[in-house]
Amino acid sequence: MGENKVENVLKKLSDDYILINDFCYNFATPIKHKGDFIKSIQIDHLLLSPAGIFIIETKNWSNRSLDNLDLRSPVQQILRTNYALFKLLDDNSRKYSWNFNRHHWGNRKIPIKNIIVFINNAPKEQFQFIKILGINELISYIKYFDSNFTTNETESIGDYLLNLSPHNQVTSKLTM
């Protein structure tokens with residue numbers, strides 16, 4: 001239910017954005033990260049934009065869930081996913097000849113931003129490298145960032161990610 005609400009909000013973005021819901025990827029060789037091996041990732045919403053990539057996790061939690069020590073930390077989940085997505089893109093940027101080296105100083109990075117959207121209750125704390133938002137704050141936060149990529153570059157990254165798995169589908173291309 002929460003993921004559908006977030007999806008409907010994200011569909012209001014312009015055609016410069018590509019939205020992939022329930023992005024899944026299994027690594028042929030697990031990636032080592034902080035003593036753990038990442039074999040697969042699942043992202044509620046992967047939003048590709050001229051400003052970069054937004055990893056968006058949706059939580060529809062009660063106050064009791066926020067305080068439950070048995071539930072997996074969404075902060076750790078999104079940081080782990082960010083690292084895996086970064087490795088996936090970085091390892092393949094040369095293979096796919098993405099022309100992100102247009103600047104005379106060197107190669108440009110693909111910015112990946114982490115967002116956890118809480119539908120009901122949200123923690124009062126802020127966390128390093130992650131933005132905690134309510135659903136009503138999501139669009140303005142995404143639009144805050146300046147463009148870093150052309151439409152063609154955004155689409156190139158989108159095509160690559162969509163071709164990784166037949167399961168992945170664009171629910172709204174916000175241009176495709």
Side-chain angles (χ1 to χ4, degrees), residues 1-7 9-10 13 17-61 65-66 68-93 95-96 98 100 108-119 122-123 125-135 137-139 141-142 144-145 148-149 154 156-172 174:
M1 188 170 89
E3 290 176 17
N4 288 337
K5 287 181 179 181
V6 170
E7 179 181 347
V9 167
L10 292 172
L13 290 166
Y17 296 83
I18 300 169
L19 176 61
I20 305 171
N21 292 302
D22 193 28
F23 176 84
C24 298
Y25 183 74
N26 296 312
F27 293 92
T29 303
I31 299 172
K32 188 171 184 180
H33 177 61
K34 295 185 178 182
D36 186 22
F37 287 95
I38 302 172
K39 297 176 185 173
S40 65
I41 57 173
Q42 184 278 328
I43 301 170
D44 291 344
H45 312 282
L46 190 58
L47 183 67
L48 308 162
S49 79
I53 297 175
F54 294 89
I55 297 174
I56 304 170
E57 283 299 318
T58 303
K59 299 299 177 199
N60 191 6
W61 286 6
S65 295
L66 289 173
N68 186 339
L69 299 177
D70 293 329
L71 290 177
R72 183 175 180 191
S73 163
V75 170
Q76 294 305 315
Q77 174 189 2
I78 205 166
L79 289 174
R80 176 184 180 276
T81 301
N82 178 298
Y83 179 77
L85 185 62
F86 166 78
K87 288 294 290 174
L88 184 64
L89 292 170
D90 190 56
D91 290 349
N92 288 291
S93 65
K95 179 179 176 185
Y96 287 90
W98 290 328
F100 298 145
R108 292 179 299 145
K109 71 175 190 167
I110 301 173
I112 302 174
K113 296 166 183 56
N114 305 312
I115 303 172
I116 303 174
V117 177
F118 282 88
I119 304 302
E125 298 82 10
Q126 292 297 313
F127 300 92
Q128 188 93 18
F129 309 116
I130 298 187
K131 188 67 174 172
I132 304 291
L133 297 171
I135 195 164
E137 303 167 294
L138 183 58
I139 296 295
Y141 179 76
I142 290 167
Y144 168 80
F145 297 95
N148 192 39
F149 295 108
T154 304
S156 176
I157 298 167
D159 290 342
Y160 168 72
L161 291 170
L162 284 166
N163 287 323
L164 289 178
S165 169
H167 167 78
N168 297 320
Q169 297 178 32
V170 170
T171 58
S172 61
L174 310 164

ask   = Measuring from Tyr17:OH to Ile142:CD1, what's the distance to the nearest 0.5 Å?
value = 7.0 Å

ask   = Any side-chain heavy atom of Leu164 within less than 4.5 Å of one from Tyr160?
value = yes

ask   = With Phe27, which residues qualify under ring-ring contact (aromatic ring centres under 6.0 Å, His included), at least two apart?
value = Tyr25

ask   = Under a 4.5 Å cut-off applied to non-hydrogen side-chain atoms, are Asn26 and Cys24 in contact?
value = no

request  = Can you sort out the partners of Glu137 under side-chain contact (heavy atoms from CB on, under 4.5 Å), two or more places apart, ordered by chain and number?
outcome  = Leu133

ask   = CD1 of Ile20 to CG of Leu162: how many Å apart, nearest 0.5 Å?
value = 4.0 Å

request  = Kindly indicate, with the supporting measurements, whether the criterion side-chain contact (heavy atoms from CB on, under 4.5 Å) is fulfilled by Ile116 and Lys59.
outcome  = CA-CA 7 Å; Ile116 303 174; Lys59 299 299 177 199; 4.0 Å; yes

inquiry  = Please determine whether side-chain contact (heavy atoms from CB on, under 4.5 Å) holds for the pair Ile112 and Leu89, giving the CA-CA distance in whole Å, both sets of side-chain angles, and the decisive distance to 0.1 Å.
reply    = CA-CA 10 Å; Ile112 302 174; Leu89 292 170; 4.3 Å; yes

ask   = Rounded to the nearest 0.5 Å, what separation is found between the CD1 atom of Ile78 and the CD1 atom of Ile130?
value = 5.5 Å

query = Is it true that a side-chain atom of Asn163 and a backbone atom of Asp159 form a donor plus acceptor pair closer than 3.5 Å?
reply = yes

key: Which residues share a side-chain contact (heavy atoms from CB on, under 4.5 Å) with Glu125, sequence neighbours left out   = Pro123, Phe127

task = Could I get the full list of side-chain contact (heavy atoms from CB on, under 4.5 Å) partners for Tyr144, not counting sequence neighbours?
result = none

inquiry  = Would you compute the distance between atom NE2 of His33 and atom CG of Asp36 and round it to the nearest 0.5 angstrom?
reply    = 8.0 Å

task = With sequence neighbours excluded, tell me which residues meet side-chain hydrogen bond (donor to acceptor under 3.5 Å, both in side chains) with Glu57.
result = Gln77

ask   = Looking at Ile115, Asp44, Ile119, which hits side-chain contact (heavy atoms from CB on, under 4.5 Å) with Val6?
value = Ile119

key: Nearest heavy atoms of Phe149 and Ile110, plus distance in Å   = CZ-CA, 3.8 Å

message = Testing the basics here: between Phe37 and Arg80, what is the closest heavy-atom pair and its distance to 0.1 Å?
response = O-NH2, 4.2 Å

remark   = Here the gap from Phe23 atom CZ to Thr81 atom OG1, rounded to the nearest 0.5 Å, amounts to 10.5 Å

inquiry  = Can you tell me how far apart CG (Leu79) and CG (Asn114) are? Round to the nearest 0.5 Å.
reply    = 6.0 Å

query = Are Ile18 and Ile157 side-chain neighbours, meaning at least one heavy-atom pair lies under 4.5 Å?
reply = no

Under 3.5 Å, which donor-acceptor pairs link side chains of residues 47-56 to any protein atom two or more places apart or in another chain?
from: Ser49; atom 1: OG; to: Ala51; atom 2: N; distance (Å): 3.0
from: Ser49; atom 1: OG; to: Gly52; atom 2: N; distance (Å): 3.3
from: Ser49; atom 1: OG; to: Gly52; atom 2: O; distance (Å): 3.0

key: Within-4.5 Å side-chain heavy-atom neighbours: Asn21 and Glu3   = no

